[in-house]
Amino acid sequence: MGAVNSASALSSSAHGSSFAHLPTFSCQARSKANLNSSARFSDLKRVSISKATGLQHSTGNSLLQNFSSPSSTMALQPSSCGGVGMENQDSRFSPTPVSGIHGIDQELVDEMLYDALVWSSLHGLVIGDRNLERSGRIPGVGMVHAPFTLLPTIFPESYWRQACELAPIFNELVDRVSLDGNFLQDSLSRTKEVDAFTSRLLDIHLKMLQIGKKEEIRLGLHRSDYMLDEQTNLLLQIELNTISSSFPGLGCLVSELHRSLLDHHGEKLGLVSKQVPWNTAVNKYAEAIAKAWAEYNNPSSVVMIIVQAEERNMYDQHWLFHVLKEKHNVKAIRKTLAEVDAQGELKPDGRLLVGGQEISVIYFRAGYTPNDYPSESEWRARLLMEQSLAIKCPSISYHLTGTKKIQQELSKAGVLERFLDEKEDIEKVRKCFAGLWSLDDQEIVLKAIGNPKLFVMKPQREGGGNNIYNEEVKENLLRIQKEGTQEDAAYILMQRIFPNISPTLLVRDGICQKDHAISELGIYGAYLRNKERVIINEQSGYLMRTKVSSSNEGGVAAGFAVLDSIYLS
Ligand code: ADP
Ligand code: MG
């Protein structure tokens, strides 16, 4: 899932590349704090859904390089892609090339960098500093700006619209699939045999099926990630995150940062801030949680966020809960799974109390990786919560629906038809599916052995750094074949997507470096229903992540990601 362990996801280079060898733009600090920065996160309170109106096309002089893709000359319509602009952790996208950055004056880069660093510090675009031990536990201790691109990445408006339109369809699809318990159990039955983590999740799911547990109020906060495949010009889905979709908070801030930079320096670059769409993610997510809380209908209840004990991406989470508190007056508490086990109590009527407080909504920012369950205590907590009346975001069914195996099953002929009614919706969804296969497809396994660079091998894991690329695909497939075990069921094979690679200015630790990069666009979606009443089903903001690409054919081509936003072309 896109759940990125943010800080580590952003900075760790699961795939190896690092910035160290790259040329560095010096960023000599000038004593010029731009206090007039136009971007104010406090504006969150006033950001309304459809600010993305009236966007015009960028000028041909832009330093940003346009995609050579389908032209899009329509004006953005507020209703479909409205909202904020931006967000996640380790992905790439097929974005934009800032080919023109070669031409940017070093002095301007220095100036923008300085302004960006000041802006980030003043507006909470921060993560915990990995060099400081307590930075993952204590707010306000050891903060460093989140890594970001100095300029937004160009993204064609037509693809942007396409991705936005898909959000409510995927929301509905997740809901429908989640209700088909047998489909989930059957599709994951072979995986269960070889993957202990998925097996534990399935056990909880099965228990809920056996006791006839119904989730009448269902809250989904999803993020569907895409890359734009350069050769085919298709927007293809990387994955759909149904748990811990990260960066609704910091993602919005990067959009604001870019708008601010363009307000002040755009003229010199031929760029205008209004081409960066407003990012509504944090507001929309907070609103969805608040509405779920209201549906639960106990004003004294609180929202509970499930967190990892160490979390350097805590500020992204705090932003969400800050908005929840300030704008909706809903209180939230933070607990680890172990704390829920120690302090949780399930009342005979199904109410969940934690530390004596009744929990209405449980929002998971942990629990998506086996590392989050070091002992039986954490599994007990997960089961306890699942049994309760609290609204789980996600429920175990929503969680399983977001697995890579289910993504692959849904791509099989005739399967989408079981869950979606509208032919048009089915076509739209199918169009964004890349090739996905199970490893029991011998023909495709042979193809992958013959040409491993065209495939990605994915286990049922979330959070980045788990996929297998290039020669290692071949080695692993041959090994599994030779051993003749059931290990093949632990993976799926996916068509490798090759997004456009473009020179980009990436900023980490106060240093701006130029490198070739690729991008991945995530579109947030929020879904809330109470029995037959759909209360929310919408696209709710975006997250662009950009990471260095490696021409190194072996491998795992990505470096670490930085936060980005988009510049519509
Ligand atoms: P996770 O749950 O770990 O985030 P993803 O499916 O999102 O798993 O994969 C992690 C990263 O690997 C993505 O962000 C993307 O950069 C890269 N990736 C995944 N699938 C593909 C693919 N089919 N083609 C190219 N890159 C991919
Ligand atoms: Mg991902």
Side-chain angles (χ1 to χ4, degrees), residues 1-6 8-10 12-17 87-95 195 197-198 222-232 234-247 251 313 367-372 399-408 411 432-437 444 448 451-470 472-473 491-501 517-524 543-550 552-553 555-564:
M1 302 300 235
V4 179
N5 224 340
S6 77
S8 61
L10 282 169
S12 74
S13 71
H15 304 300
S17 317
E87 176 275 277
N88 173 24
Q89 172 174 337
D90 87 276
S91 16
R92 339 118 159 249
F93 204 141
S94 66
D195 182 332
F197 177 62
T198 309
H222 308 139
R223 199 191 64 234
S224 183
D225 293 333
Y226 305 92
M227 283 182 175
L228 192 46
D229 187 58
E230 196 181 17
Q231 274 212 327
T232 58
L234 287 172
L235 180 81
L236 296 176
Q237 185 183 51
I238 294 287
E239 65 159 347
L240 177 64
N241 301 286
T242 58
I243 182 167
S244 297
S245 303
S246 56
F247 293 115
N313 196 27
Y368 54 85
T369 156
N371 302 338
D372 291 340
H399 185 170
L400 289 170
T401 301
T403 55
K404 293 172 175 69
K405 180 63 188 169
I406 295 299
Q407 180 187 12
Q408 180 251 311
S411 74
C432 80
F433 279 168
L436 290 153
W437 303 272
I444 210 73
N451 208 342
K453 284 176 201 149
L454 299 183
F455 296 84
V456 181
M457 213 170 143
K458 296 188 173 187
Q460 308 306 307
R461 288 289 177 274
E462 304 298 333
N466 300 299
N467 297 339
I468 299 171
Y469 300 86
N470 299 323
E472 286 183 17
V473 169
Y491 298 93
I492 62 161
L493 271 172
M494 184 172 181
Q495 165 197 347
R496 175 90 177 255
I497 303 164
F498 294 99
N500 188 15
I501 298 175
I518 54 176
S519 305
E520 177 170 347
L521 177 68
I523 300 288
Y524 293 102
L543 170 69
M544 185 71 147
R545 288 170 299 166
T546 293
K547 59 186 180 183
V548 298
S549 69
S550 166
N552 167 7
E553 45 203 77
V556 181
F560 43 89
V562 304
L563 297 171
D564 195 353

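This structure is a prediction, so every number in the text was calculated from the model and none was measured. Just follow the structure's listing: the first ligand is 1, and inside any ligand the first atom is 1.
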* Determine whether I497 and I238 make a side-chain contact, defined as any pair of heavy atoms from C-beta on separated by less than 4.5 Å. => yes
* To do: Taking atom types as modelled, find out whether K404 and Q407 have a side-chain donor-acceptor pair closer than 3.5 angstrom.
  => no
* To do: Mark the output for G464 as yes if a heavy-atom distance to ligand 1 is under 4.0 Å, and as no if none is.
  => yes
* Asked: Of V456, I238, N467, which has the heavy atom at the shortest distance from atom 10 (C) of ligand 1?
  -> N467
* Report the part of K547 (side chain from C-beta onward, or backbone N, CA, C, O) that has a heavy atom under 4.0 Å from ligand 1; answer both or neither where that applies. => side chain
* Asked: Looking only at distance, does Q495 have an N or O less than 3.5 Å from an N or O of ligand 1?
  -> yes
* Asked: Does a donor on one side chain and an acceptor on the other come within less than 3.5 Å for D372 and T369?
  -> no
* Structure fact -> Check: of L240, T403, I497, min heavy-atom distance to atom 24 (N) of ligand 1 comes from I497
* Heavy-atom donor-acceptor pair, D229 side chain to T232 backbone, under 3.5 Å -> yes
* Could you tell me whether the side chain of D195 and the main chain of F197 form a donor-acceptor pair under 3.5 Å? => yes
* Say whether F455 and ligand 1 are in contact under the criterion: heavy-atom distance to a ligand atom below 4.0 Å. => no
* With a cut-off of 2.8 Å, does any N, O or S atom of E239 fall short of it relative to the Mg ion (ligand 2)? -> yes
* Is it the side chain, the backbone, both or neither of Y368 that has a heavy atom closer than 4.0 Å to ligand 1? -> neither
* Any idea which of K458, R461, Q407, E239 brings a heavy atom closest to atom 19 (C) of ligand 1? -> K458
* Side chains of N467 and M494: closer than 4.5 Å at any heavy-atom pair? -> no
* Asked: Short question: side chain of Q460, backbone of K405 - any donor-acceptor pair under 3.5 Å?
  -> yes
